**Student:** 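The structure follows.
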Amino acid sequence: MKYNPNAIEQKWQKYWYDNQLFNATDFSEKPKYYSLVEFPYPSGSGMHVGHIRAYTSLEIISRKRRMEGYNVLFPIGFDAFGLPTENYAMKQKVHPRKVTDDNIDVFTDQLKRAGFSFDYDRVVDTTDPNYFKWTQWIFIQLFKKNLAYRNKTLVNFCPSCKVVLSNEESQGGKCDRCGESVIQKEKDVWFLKITEYADRLLEGLDYLETLPRIKREQENWIGKSVGAEITFNINEVDEKLSVFTTRPDTLFGATFMVIAPEHPLLEASKDKIQNMDALKAYQQEAQTKSEFERTELVKEKTGVKIEGLSAKNPVTKEDIPIFVADYVMMGYGTGAIMAVPAHDERDYDFAKKYDLTIREVIKGGDIEQAAYTDTESGTLLNSDFINDMEVTEAIETMIKYLVDNKLGEKAVNFKMKDWAFNRQRYWGEPIPIVHCKQCGMVPVPESDLPVTLPDVKNVEPTEDGESPLAGIDAFVETTCPVCGEAARRETDTMPQWAGSSWYFLRYTDPHNDEELANYHKLKYWLPVDWYNGGMEHVSRHVIYSRFWHQFLYDIGVVPTKEPYKKRSAQGLILGPDGDKMSKSKGNVVDPMETIEQYGADTLRVYILFIGDYEQATPWSENGVKGARRFLDKAWRLHEKVDASYTDDKAMITLLHQTIKGVNEDVESTKFNTAISKLMSFVNDALKKPAISKSTFETFLKLLNPFAPHMAEELNMMLGNEKPLVYAEYPTYDESLIVEDMMTIVIQVNGKVRDKLEVPKDTDKETLEALAKKSERVAQFTDGKTIRKIIVVPAKLVNIVAN
RNA sequence: GCCAGCGUGGCGGAAUUGGUAGACGCGUCAGACUCAAAAUCUGAUGGGGUUCGCUCCGUGUCGGUUCGAGUCCGACCGCUGGUACCA
């Protein structure tokens, strides 16, 4: 009988899913294992080969864990709020609910068609009111703890599309959708105070088992820097300027100051400022630039001196000028800097342009030529009481001086900003807040949750960039939960990051009406043992969800400090041309076509065999054929099974080596070499006259996580009634792995000249003697003196001669 | 610019602590089967030379450490990802 995947795959899928073999049981005698993959956004185009790669790794792990006797939770769900659905719905005049449901149906079918062993009874959908009820509930808890607040900010606004855009959607100052220029619009928006958790998010990384680069990226995102906050007095008015610096030791070199265009000092001191018009004009100009332009495009420093104000350097007592320049950002530090032009390139450029004093304070450079920035270490000069000190000592001494004289203090600053937590969209979780004239902002009572989206025929954008919800009176108009007077609902919705920040908690108890998840169930399943997802989510999503988790831990909702024990990230699959897959390039590969043509098992095997799991790799149609050829051969191997046959020693050794190798490779995400070991096994086994039943069964168990449909079918054909899903995973016998004879390499001056077949335990002396006897060696040592002989047992003999 | 990762055949990629470079797969070539093709099977396949025994060269470039370097060290070149006037 020939291998015919289409005939067997659907049969086994029906068997698995109908019998709910992958459903996790809450609480069990077995040890638990929670494997988590990032849930997909159910787009209209269905599954992508990238999804297959992202899920297959933990699919293998999960199937292996079940065979190893674990109670496995391997769930899936849908991160279904989001723009593409809303846009599509608007265009096609269909309700986003309908679009979402249809897409989820398509996706679920495709997941099942790939044979993924998810627990489909625990599917969560972030757009389901029973789910987002708890997303809203978490928001209210954050609000009550003052971790959710409103503040004014500038947003990217497209006057033509009348929508607020993200940075990604407004690159280069142009609207991503219509190409028009984006303007900066001031808006009241919601923030979550993630900065309050910055230190703990940093510390928590110690618990996370992951690649160094993944940890690094999160550290960089949080961006902790230690230094000092120094206060400068303004001479002409009763105002002070605070600056954050990592280098208080360079204070003697601070010859001017720069503040951000939006800095409040301007408004506060307008009476004394003589060139307010010029400053206003500069301010206006800076506002037309997006943050992108301000940071990316402006190579030449621009700025305006504030006439009428000057600051006093607290240590030199010099009067120094103050400038407004857009290279200083209001959003970082205090929005003001002390400029040390001798040792900072930006300050140096600025000082040269405006002809300002440049004073060297760290020895070593030539400040006539350029800023000297190699100042991690060095010796101070021109700095009074810290002269001749080393940088580290100078920093400490200066901070002490500042503290003693009440001029400043030690300070820590984070690059990470508070999380802008709102969108002006329809298709998102409504923020559960009511605005009341008397009572201010009032959270919706928990008993009234969820605040659902109004059912409208068409989602229409508003004229002024407000959420479409703002135009729906039936939604907006409500009464205040505190005083009962007429009030208005908040019309902003949450960003997509919201629902995905806690979904892994809901999987432990997806149908709970009383709480987001039962504490005992959380305690049983958490933490997530292994979480796999995209590299692009490592900084944002992982940090955001860890922040929510830490908060929920603080209020006693979850039992663990950190949500994840281990995190891995898969590499991208590129198009066959080596470019990133994209519709416009026409190089997108549809995994469903591969399944139809070659079968799901081939797709699974190929996608893991394609290359290093963490590296980007191009797709290859020929590679798919190769994977299929391997499965064809594995299938044919069953014809060699002979119940009365006894395998030879070499076969048994190979089998045990394969068990060991596959196990180790899978655990260290080296799926490609795990498969190559299975291929080698099949190649060798096919050369034997026959293969014993038990050896073939063991092979099928190893193959099962990768190609489960085929493995189950062949196992059944052997006459076994028990399926492989919960069969016992093979273990190896260390004593059977070592071969009796081994090849020893003989080198002369480091070059291989001969090889010897010797028994495995041959000692050093024997090896050396054998090597010396070799005729091949003699050719290369003739007429030379042997200087040294290096013998590495079980490996090689190297004869050094000249 | 900074941070991280990576440079190995025609291609995707393998190579515990430094110890036979190129596993496995693709492609290509030759042969078997076939009227023929496909599929399948067998063999060859880094480059140069060769009396077919072998031999020299070869892991981005240059240098170093070592009996021995793809692996370690230094400098450089290139690619990919992240990030960005971060004070």
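As the structure is a computational prediction, the values presented were derived from the model and not from experiment. Letters A, B, ... are given to chains in the order of the sequence lines, protein chains preceding strands, and every chain is numbered from 1.
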**Student:** Please enumerate all residues that pass side-chain contact (heavy atoms from CB on, under 4.5 Å) together with A/Thr653, with sequence neighbours excluded.
**Tutor:**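 A/Thr653: side-chain contact (heavy atoms from CB on, under 4.5 Å) contacts with A/Lys649, A/Gln657, A/Glu739.
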**Student:** Measuring only the P atom in each nucleotide, how far is B/U51 from B/C35? A whole number of Å is fine.
**Tutor:**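 Their P atoms lie roughly 41 Å apart.
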**Student:** Mind checking the P distance from B/U59 to B/G47? Whole angstroms is fine.
**Tutor:**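 To the nearest whole Å, 15 Å.
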**Student:** Can you check the A/Asp344 CG to B/C86 P distance for me, whole Å?
**Tutor:**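 In whole Å, B/C86 P lies 7 Å from A/Asp344 CG.
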**Student:** What's the closest nucleotide to the A/Asp612 side chain, out of B/C85, B/A14, B/A87?
**Tutor:**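 Ranking B/C85, B/A14, B/A87 by closest atom to the A/Asp612 side chain puts B/A14 first.
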**Student:** So what does the secondary structure string of RNA chain B come out as, 5' to 3', with Watson-Crick or wobble pairs under 3.5 angstrom, [ ] for crossing and | for pairs with another strand?
**Tutor:** (((((((..(((......[....)))((((((.......))))))((((....))))..(((((..]....))))))))))))....
**Student:** Within the pair A/Lys670 and B/A15, is there a side-chain N or O less than 4.0 Å away from OP1 or OP2?
**Tutor:**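 Answer yes for this pair, as a side-chain N or O of A/Lys670 is under 4.0 Å from OP1 or OP2.
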**Student:** Which nucleotide, B/A87, B/C6, B/U40, lies nearest any side-chain atom of A/Gln615?
**Tutor:**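 Nearest listed nucleotide: B/C6.
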**Student:** How close or far is atom C1' of B/C41 from atom NZ of A/Lys687, stated in whole angstroms?
**Tutor:**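 Atom NZ in A/Lys687 sits about 12 Å away from atom C1' in B/C41.
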**Student:** Roughly how far, to the nearest 0.5 Å, is CG of A/Leu407 from NZ of A/Lys240?
**Tutor:**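 If we round to the nearest 0.5 Å, A/Lys240:NZ and A/Leu407:CG are 9.5 Å apart.
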**Student:** Select from A/Lys2 and A/Val800 the residue whose nearest nucleotide in RNA chain B is closer to the 5' end of that strand.
**Tutor:**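 Nearer the 5' end of the strand: A/Lys2.
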**Student:** Taking the side chain of A/Asn798 as heavy atoms from C-beta outward, which of B/C56, B/C67, B/U83 is closest to it?
**Tutor:**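 Closest nucleotide among those given: B/C67.
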**Student:** Measure the distance from CD on A/Gln218 to P on B/U83 and round it to the nearest whole Å.
**Tutor:**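 Spelled out: CD on A/Gln218 to P on B/U83 is 13 Å.
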**Student:** With respect to the phosphate group of B/G1, does any side-chain polar atom (N or O) of A/Arg346 fall under 4.0 Å of OP1 or OP2?
**Tutor:**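 Answer is no, no contact under 4.0 Å.
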**Student:** Nearest of B/C67, B/U83, B/A87 to any side-chain atom of A/Trp221?
**Tutor:**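 Within the option list, the nearest is B/U83.
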**Student:** Please enumerate all residues that pass ring pair (Phe, Tyr, Trp, His ring centres under 6.0 Å) together with A/Tyr613, with sequence neighbours excluded.
**Tutor:**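 With neighbours one apart ignored, the set is A/Phe671.
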**Student:** Scan nucleotides 20-22 of chain B against the protein and return all N/O pairs shorter than 3.5 Å with their distances rounded to 0.1 Å.
**Tutor:**
from	atom 1	to	atom 2	distance (Å)
B/U20	O2	A/Lys755	NZ	2.9

**Student:** Could you give the CG-to-P distance, from A/Leu631 to B/U40, as a whole number of Å?
**Tutor:**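 From A/Leu631 CG to B/U40 P: 13 Å.
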**Student:** Between the side chains of A/Glu219 and A/Lys215, is the shortest nitrogen-to-carboxylate-oxygen separation below 4.0 Å, so that they form an ion pair?
**Tutor:**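 No, this pair does not count.
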**Student:** If you measure from the P atom in B/A69 to the same atom in B/G18, how many Å do you get, rounded?
**Tutor:**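 To the nearest whole Å, 13 Å.
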**Student:** Quick one: which of A/Glu38, A/Glu217, A/Glu614 gives a salt bridge (Lys or Arg N to Asp or Glu O under 4.0 Å) with A/Arg567?
**Tutor:**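 Of A/Glu38, A/Glu217, A/Glu614, salt bridge (Lys or Arg N to Asp or Glu O under 4.0 Å) with A/Arg567 is met by A/Glu38 alone.
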**Student:** If I take atom CD1 in residue A/Ile789 and atom P in nucleotide B/G68, what distance separates them, rounded to the nearest angstrom?
**Tutor:**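 Computing the A/Ile789:CD1 to B/G68:P distance gives 15 Å.
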**Student:** Where do N or O atoms of nucleotides 23-27 of chain B meet protein N or O atoms at under 3.5 Å, pair by pair?
**Tutor:**
from	atom 1	to	atom 2	distance (Å)
B/G25	OP1	A/Asn683	ND2	2.9
B/C26	OP1	A/Arg629	NH1	2.9

**Student:** With rounding to the closest Å, how many angstrom separate the P atoms on B/G70 and B/G64?
**Tutor:**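 So the two P atoms sit 15 Å from each other.
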**Student:** So, using ring pair (Phe, Tyr, Trp, His ring centres under 6.0 Å) as the criterion, who are the partners of A/Phe630 when residues are at least two apart?
**Tutor:**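 If we apply the ring pair (Phe, Tyr, Trp, His ring centres under 6.0 Å) test to A/Phe630, skipping adjacent residues, there are no hits.
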**Student:** In whole Å, what separates the P atom of B/G60 from that of B/C56?
**Tutor:**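 So the two P atoms sit 22 Å from each other.
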**Student:** Return the value, rounded to whole Å, for the distance between atom CZ of A/Phe256 and atom C1' of B/A87.
**Tutor:**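 Checked: the CZ to C1' distance equals 12 Å.
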**Student:** Does B/C67 have OP1 or OP2 under 4.0 Å away from a side-chain N or O of A/Lys788?
**Tutor:**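 Answer yes for this pair, as a side-chain N or O of A/Lys788 is under 4.0 Å from OP1 or OP2.
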**Student:** Can you list everything that forms a ring pair (Phe, Tyr, Trp, His ring centres under 6.0 Å) with A/Phe191? Sequence neighbours excluded, please.
**Tutor:**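 For A/Phe191, the residues satisfying ring pair (Phe, Tyr, Trp, His ring centres under 6.0 Å) (neighbours in sequence not counted) are A/Tyr149.
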**Student:** On a whole-Å scale, what distance lies between the C1' atoms belonging to B/G10 and B/G49?
**Tutor:**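 Nearest-Å result for B/G10 against B/G49 at atom C1': 22 Å.
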**Student:** With rounding to the closest Å, how many angstrom separate the P atoms on B/U42 and B/C33?
**Tutor:**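 Straight-line distance between the two P atoms is 15 Å.
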**Student:** Expressed in whole Å, how much space separates the C1' atoms belonging to B/U16 and B/G12?
**Tutor:**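 My reading of the C1' atoms in B/U16 and B/G12 gives 24 Å.
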**Student:** Quick one: A/Leu767 CG to B/G19 P, roughly how many Å, whole number?
**Tutor:**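 These atoms are roughly 18 Å apart.
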**Student:** Run the side-chain contact (heavy atoms from CB on, under 4.5 Å) test against A/Arg628 and tell me which residues pass, sequence neighbours left out.
**Tutor:**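 side-chain contact (heavy atoms from CB on, under 4.5 Å) list for A/Arg628, sorted by chain: A/Tyr3, A/Pro5, A/Tyr598, A/Thr602, A/Asp632.
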**Student:** Kindly say if A/Arg216 contacts the phosphate of B/G5, meaning a side-chain N or O under 4.0 Å from OP1 or OP2.
**Tutor:**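 No, no such contact exists.
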**Student:** How would you list, by chain and number, every residue that makes a ring pair (Phe, Tyr, Trp, His ring centres under 6.0 Å) with A/Tyr732, sequence neighbours excluded?
**Tutor:**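 Ring pair (Phe, Tyr, Trp, His ring centres under 6.0 Å) list for A/Tyr732, sorted by chain: empty.
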**Student:** Please check if atom NZ in A/Lys353 has more than 12 non-hydrogen atoms from other residues, nucleotides or ligands closer than 6.0 Å.
**Tutor:**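 Yes, enclosed.
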**Student:** Identify, with sequence neighbours excluded, every residue that meets salt bridge (Lys or Arg N to Asp or Glu O under 4.0 Å) alongside A/Lys415.
**Tutor:**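 Partners of A/Lys415 by the salt bridge (Lys or Arg N to Asp or Glu O under 4.0 Å) criterion come out as none, since no residue qualifies.
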**Student:** Got a sec, which residues hit side-chain contact (heavy atoms from CB on, under 4.5 Å) with A/Ala778, two or more places apart in sequence or on another chain?
**Tutor:**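 By the side-chain contact (heavy atoms from CB on, under 4.5 Å) rule, A/Ala778 matches no residue at all.
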**Student:** According to side-chain hydrogen bond (donor to acceptor under 3.5 Å, both in side chains), does anything in residues 744-756 of chain A pair up with another residue at least two apart or in another chain? List the pairs.
**Tutor:**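 Every side-chain hydrogen bond (donor to acceptor under 3.5 Å, both in side chains) pair that includes a residue of residues 744-756 of chain A, provided the two are not neighbours, is A/Asp754-A/Ser774.
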